[in-house]
Amino acid sequence: MIGGHSGSGRTEFARFLADVTGWALLDKDTLTRALTERLLTTLGGDSHDRHSDLYLTEVRPLEYRCLLDAAFDNIAVGTSTILSANLVAELHDDAWLSRLTNRCAAKGVDVAAAWVTCDPDTMREYIEHRAAPRDAWKLANWDSYIAALKLNNSPDAHLTLDNTLFAAISLADQTREALKQILT
């Protein structure tokens, strides 16, 4: 599982890891974006909203359910799987992580959680570069958005990667090191 805030580089890390390992990559946004946008619109919300109570209580839980169901389908057929999603709430919830780890252990599967960190300036650069409509609110409300993230309160993860623009070690090199830790 790879978590991190929007623009942190978690998808980039997930792709590096998938390239190196050949493992299946399940990105929450790729799997659920079209459905999420339609559901938000159908429920009377903004299709690009990721901050309202409507999204957080009605839609986000369904996105994560779809992501985990797809992961367990892969696990059931013996396919190692990388999950890429925000995972902020989930990785801060010890009970959630314990349930997931126990469910996977019952199938003989190990779970590794990685967290990708990034400074606000680099995050903004990544978000501006991808120019996704779902990021318009974040960019228009940048100071409020960043303050709400509580960047100094990263969840405990097995691995933490630094994806700031001038990190001492490149994300590609950190991926290789992370893989060594995951496989041991």
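Values in this document were obtained by computation on a predicted structure and should not be read as measured data.
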So how far is it from Ile2 CD1 to Phe13 CZ, rounded to the nearest 0.5 Å? 4.5 Å

Work out which heavy atom in Pro61 is nearest to a heavy atom in Leu56; give both atom names and the distance. CD-O, 3.4 Å

Residues that Phe16 engages under ring pair (Phe, Tyr, Trp, His ring centres under 6.0 Å), provided they are two or more places apart: none

Shortest non-hydrogen separation from Tyr126 to Glu12 and the atoms involved: OH-OE1, 3.5 Å

Any donor-acceptor pair under 3.5 Å linking the side-chain atoms of Ser8 with those of Asn163? no

Please check if the side chain of Arg10 supplies one atom and the backbone of Ser84 the other of a donor-acceptor pair under 3.5 Å. no

Can you pull out every salt bridge (Lys or Arg N to Asp or Glu O under 4.0 Å) where at least one residue sits in residues 78-97? Sequence neighbours excluded, please. Arg60-Glu90

Is there a side-chain contact between Ile182 and Leu17 (heavy atoms, below 4.5 Å)? yes

Within-4.5 Å side-chain heavy-atom neighbours: Thr30 and Leu25: no

Working to the nearest 0.5 angstrom, can you tell me the gap between Asn152 CG and Lys150 NZ? 11.5 Å

Can you list the residues that meet the ring pair (Phe, Tyr, Trp, His ring centres under 6.0 Å) rule with Trp23, with sequence neighbours excluded? none

Name all pairs fulfilling the side chain to side chain donor-acceptor pair (under 3.5 Å) condition that reach into residues 70-79, sequence neighbours left out, sorted by first residue then second. none

Other than Ile169, which residues form its hydrophobic cluster under the rule that side-chain heavy atoms must be closer than 4.5 Å? none

List for me each residue that meets ring pair (Phe, Tyr, Trp, His ring centres under 6.0 Å) alongside His158, sequence neighbours excluded, and say none if there are none. none

Tell me who clusters with Val109, hydrophobic residues only, linked when side chains sit under 4.5 Å apart either directly or through other members. Met1, Leu26, Leu31, Tyr64, Leu67, Leu68, Phe72, Ile75, Leu83, Leu87, Val88, Leu91, Trp96, Leu97, Leu100, Val111, Trp115

Is there a side-chain contact between Met123 and Leu151, using heavy atoms and a 4.5 Å cut-off? yes

In this structure, would Val116 and Val20 fall into the same cluster of hydrophobic residues linked by side-chain contacts under 4.5 Å? yes

Not counting sequence neighbours, list each pair that qualifies as a salt bridge (Lys or Arg N to Asp or Glu O under 4.0 Å) and has a residue in residues 131-143. Asp29-Arg134, Arg130-Asp135, Asp135-Lys138

Got a donor-acceptor contact below 3.5 angstrom from the His92 side chain to the Asn153 backbone? yes

Can Leu40 be reached from Leu62 by stepping across I, L, V, M, F, W or Y side chains whose heavy atoms are under 4.5 Å apart? yes

Taking all non-hydrogen atoms of both residues into account, name the closest pair between Trp142 and Pro120 and its distance. CZ2-O, 3.3 Å

Quick one: salt bridge (charged side-chain N to carboxylate O under 4.0 Å, His left out) partners of Glu128, sequence neighbours excluded? Arg124

The complete set of salt bridge (Lys or Arg N to Asp or Glu O under 4.0 Å) pairs with one or both residues in residues 159-175, sequence neighbours excluded, reads Asp173-Arg176

Looking at Thr32 and Cys66, what are the two nearest heavy atoms and their distance? CG2-CB, 4.0 Å

With side chains defined as the heavy atoms from C-beta onward, is the minimum distance between Thr117 and Thr164 less than 4.5 Å? no

Write down the atom of Gly7, the atom of Ile127, and the distance for their closest heavy-atom approach. CA-CG1, 3.8 Å

If you look only at pairs with a residue in residues 34-48, which of them pass as a side chain to side chain donor-acceptor pair (under 3.5 Å), with sequence neighbours excluded? Thr36-Glu63

Scan for salt bridge (Lys or Arg N to Asp or Glu O under 4.0 Å) pairs involving residues 104-122, sequence neighbours excluded, and state none if there are none. none

Taking it one step at a time, do Trp137 and His51 satisfy side-chain contact (heavy atoms from CB on, under 4.5 Å)? CA-CA 9 Å; Trp137 183 91; His51 303 284; 3.2 Å; yes

